Structure formats: C-alpha cells, structure tokens
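Scroll down for the structure; my scribbles are underneath it.
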Amino acid sequence: MKIINQTIEIITKSGIGIYNITPQFVLILDSSAIKNGQFLVFSKHTTTALAINENEERLLADIKVYLAKLAPPDDKYLHNDLHLRIVPLLTNRSTLTLT
C-alpha cells in the first residue's frame with residue numbers, strides 16, 4: 001500500500017473563517033497517481049473544525065452568522081478566545097477520512 005504524507009498550510013484571517021481546501025486535495029491526489037484509497041485530513045490546531053459542506057455563498061454566510069451568535073466575539077470570557085474554540089468543541093471534528 002502506498003502512503004503519502006502532505007502538509008497544507010492555510011493562511012487565515014482573524015475571527016470565524018470558512019476555507020475551501022478542495023483544490024489543495026485535488027493537487028495532492030493528481031500528483032500521487034493513486035486511484036483508490038483513503039484520504040485522511042487532520043487539523044493540529046484546537047480552534048479548527050473540519051466539515052464537508054456545499055461551497056455556496058449564502059450557506060457559508062449563514063454558518064458564520066450562526067456561529068457568531070453561539071459565542072459572540074465581543075462577549076467577555078474567562079479564556080481569551082472562546083468564540084474561536086466553540087466550533088471544534090461542539091462539532092468534535094478535527095479529523096475527516098474520505099474514501
């Protein structure tokens with residue numbers, strides 16, 4: 001079985017962000033010559049959640065609004081960035097396996 005290990009670095013902005021990382025996956029798969037298998041996506045950062053969803057502008061805007069309502073960034077928290085940590089906490093999604 002062939003195993004490939006690649007790291008993708010995403011430059012993010014402050015606050016809630018949604019990033020389509022499909023193009024990076026496509027480049028890795030196209031350069032690998034692998035036709036069948038699994039693709040493991042893992043985030044090393046605690047304020048990151050991974051999810052598969054439609055890349056539709058209105059949906060992404062609604063998601064950002066909803067998440068901001070769950071933990072408003074201007075509220076006072078004992079920890080300085082709870083508003084960024086709430087999504088991974090609620091979704092428990094730091095790993096995706098695609099087959």
Side-chain angles (χ1 to χ4, degrees):
M1 174 191 334
K2 185 174 182 179
I3 296 174
I4 296 173
N5 183 11
Q6 294 281 330
T7 300
I8 298 171
E9 184 175 332
I10 308 297
I11 307 301
T12 61
K13 298 177 184 173
S14 179
I16 296 171
I18 299 175
Y19 301 91
N20 180 1
I21 53 178
T22 304
Q24 290 93 322
F25 296 165
V26 170
L27 285 174
I28 291 169
L29 288 173
D30 286 349
S31 66
S32 73
I34 294 174
K35 300 297 179 204
N36 294 303
Q38 293 184 336
F39 200 103
L40 176 68
V41 183
F42 172 77
S43 170
K44 296 179 183 181
H45 202 284
T46 58
T47 61
T48 301
L50 298 168
I52 297 172
N53 217 317
E54 297 174 44
N55 190 22
E56 197 274 317
E57 187 176 333
R58 294 174 301 168
L59 172 64
L60 302 179
D62 284 343
I63 290 170
K64 289 179 185 180
V65 169
Y66 179 78
L67 295 175
K69 287 179 184 178
L70 281 177
D74 296 330
D75 278 5
K76 301 291 183 206
Y77 302 105
L78 296 175
H79 191 279
N80 65 333
D81 64 355
L82 175 70
H83 63 288
L84 298 176
R85 296 178 185 271
I86 198 76
V87 175
L89 179 68
L90 294 175
T91 61
N92 194 26
R93 304 282 300 274
S94 63
T95 305
L96 289 175
T97 303
L98 311 172
T99 55

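Predicted model, so just to flag it, every value in this text is computed and none were measured.
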Practice item. Compare every heavy atom of L59 with every heavy atom of E54, then report the nearest pair and how far apart it is. Key: O-CD2, 3.7 Å

Revision key, fill the gap. Rounded to the nearest 0.5 angstrom, the CD-OG1 distance for Q24 and T7 is 12.5 Å

Practice item. Mark yes or no for whether K2, through its side chain, and S32, through its backbone, hold a donor-acceptor pair below 3.5 Å. Key: yes

Check your understanding: If you look at every heavy atom in Y19 and I11, which pair is closest and at what distance?
Key -> CE2-O, 4.2 Å

**Study point:** pair N53-I18: side-chain heavy atoms closer than 4.5 Å
**Key:** no

Review point. Taking it one step at a time, do V65 and D62 satisfy side-chain contact (heavy atoms from CB on, under 4.5 Å)?
Key: CA-CA 5 Å; V65 169; D62 284 343; 5.6 Å; no

Practice item. State the CD1-CG distance between I4 and L29, to the nearest 0.5 angstrom. Key: 8.0 Å

**Study point:** Joint hydrophobic cluster, I63 plus Y66, side-chain heavy atoms closer than 4.5 Å
**Key:** yes

Exercise for review: Taking the side chain as every heavy atom from C-beta outward, state whether Q6 and I8 have any pair of such atoms under 4.5 Å apart.
Suggested key: no

Check your understanding: More than 12 non-hydrogen atoms from neighbouring residues, nucleotides or ligands closer than 6.0 Å to CD on E56, yes or no?
Key -> yes

Exercise for review: Give the cluster check for F25 versus I34: same hydrophobic cluster or not, with ILVMFWY residues linked at side-chain heavy-atom distances below 4.5 Å.
Suggested key: no

Review point. Can you get from I28 to I21 by hopping between Ile, Leu, Val, Met, Phe, Trp and Tyr side chains that sit under 4.5 Å apart?
Key: yes

Exercise for review: Consider only side-chain heavy atoms of I, L, V, M, F, W and Y, link residues closer than 4.5 Å, and tell whether L50 and I10 are in one cluster.
Suggested key: yes

Review point. To the nearest 0.5 Å, how far apart are NZ in K76 and CG in D74?
Key: 8.0 Å

